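Quick caveat: nothing in here was measured; it's all calculated off a predicted structure.
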Amino acid sequence: MTKSKLINLLASRFSQLVHKDAELSVKTILDAMSNALIKKQRIEIRGFGSFSLNYRPPRLGRNPKSGEKVNVPEKYVPHFKAGKELRSRVDK
């Protein structure tokens, strides 16, 4: 599902929401989640899952095209772990 499909679904499901209000709501939630991850905070949504950051140390990589060795810097990558309720609903 894309962000625009989510906005359209919210606007159609809740008749009191104007399309612009649904768009603002989705953007606000996603911005808040992004800002929390930028601050290296963990996000937990009960019944859905949690978002956290995984640290990847610096390493020596290889360019697949030329075979040349390349230094890959350290980085943090977002990680999602599905909650118990989401996993059970998907398994049905």
Side-chain angles (χ1 to χ4, degrees):
M1 175 178 281
T2 62
K3 185 164 73 168
S4 59
K5 285 183 182 178
L6 178 61
I7 292 167
N8 289 335
L9 179 68
L10 278 173
S12 65
R13 186 175 288 180
F14 300 101
S15 59
Q16 69 272 21
L17 273 181
V18 181
H19 188 271
K20 284 190 175 190
D21 291 340
E23 184 177 4
L24 179 64
S25 300
V26 170
K27 285 184 178 182
T28 302
I29 291 170
L30 293 178
D31 286 345
M33 292 174 71
S34 297
N35 289 335
L37 288 175
I38 288 169
K39 295 175 185 174
K40 296 185 173 114
Q41 296 174 341
R42 185 173 181 270
I43 302 167
E44 182 177 336
I45 302 170
R46 299 283 168 141
F48 181 71
S50 62
F51 296 88
S52 60
L53 292 177
N54 281 352
Y55 174 74
R56 300 236 174 120
R59 63 184 173 85
L60 189 61
R62 188 179 64 83
N63 182 338
K65 191 171 186 178
S66 66
E68 179 184 343
K69 294 187 180 201
V70 178
N71 287 323
V72 179
E74 66 178 8
K75 60 183 170 182
Y76 287 91
V77 291
H79 174 73
F80 174 73
K81 183 176 178 185
K84 185 177 178 182
E85 184 180 332
L86 177 63
R87 281 181 290 174
S88 66
R89 290 178 75 177
V90 169
D91 283 342
K92 287 185 181 180

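Atom OH of Tyr55 is separated from atom OH of Tyr76 by 6.0 Å, given to the nearest 0.5 angstrom. Distance check, rounded to the nearest 0.5 Å: NE2 of His19 to CG of Asn8 gives 4.0 Å. Interatomic distance, Ile7 CD1 to Asp21 CG, rounded to the nearest 0.5 Å: 11.5 Å. Atoms CG and CD, from Asn35 and Gln41 in turn, are 9.5 Å apart once rounded to the nearest 0.5 Å. Here the CG atom belonging to Leu9 is positioned 11.5 Å from the OG atom belonging to Ser4, to the nearest 0.5 angstrom. For the atom pair Leu53 CG and Arg42 CZ, the distance stands at 11.5 Å (nearest 0.5 Å).
Val90 and Phe48 fall within the same hydrophobic cluster, where Ile, Leu, Val, Met, Phe, Trp and Tyr residues are linked whenever their side-chain heavy atoms come under 4.5 Å apart, directly or through other members. Note on Val18 and Leu10: separate hydrophobic clusters, where clusters join Ile, Leu, Val, Met, Phe, Trp and Tyr whose side-chain heavy atoms are under 4.5 Å apart, directly or indirectly. Val77 and Leu37 fall into different hydrophobic clusters, where Ile, Leu, Val, Met, Phe, Trp and Tyr side chains are chained together by heavy-atom contacts under 4.5 Å.
Leu24 approaches Thr28 most closely through the heavy-atom pair O-OG1, 2.6 Å. Nearest heavy-atom pair, Ile45 versus Met33, reported as atom, atom and distance to 0.1 Å: CD1-CE, 4.4 Å.
Within the 4.5 Å cutoff, the side chain of Glu85 has no heavy atoms near those of the Arg46 side chain. Side-chain contact between Val72 and Leu60: absent, with no pair of heavy atoms (C-beta onward) separated by less than 4.5 Å.
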Q. Would Lys81 and Ser52 count as a side chain to side chain contact (heavy atoms under 4.5 Å, CB included) if you check the C-alpha gap in whole Å, the side-chain angles of each, and the deciding distance to 0.1 Å?
A. CA-CA 8 Å; Lys81 183 176 178 185; Ser52 60; over 6 Å; no

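Heavy-atom contacts from other residues, nucleotides or ligands closer than 6.0 Å to CZ of Arg56 number 12 or fewer.
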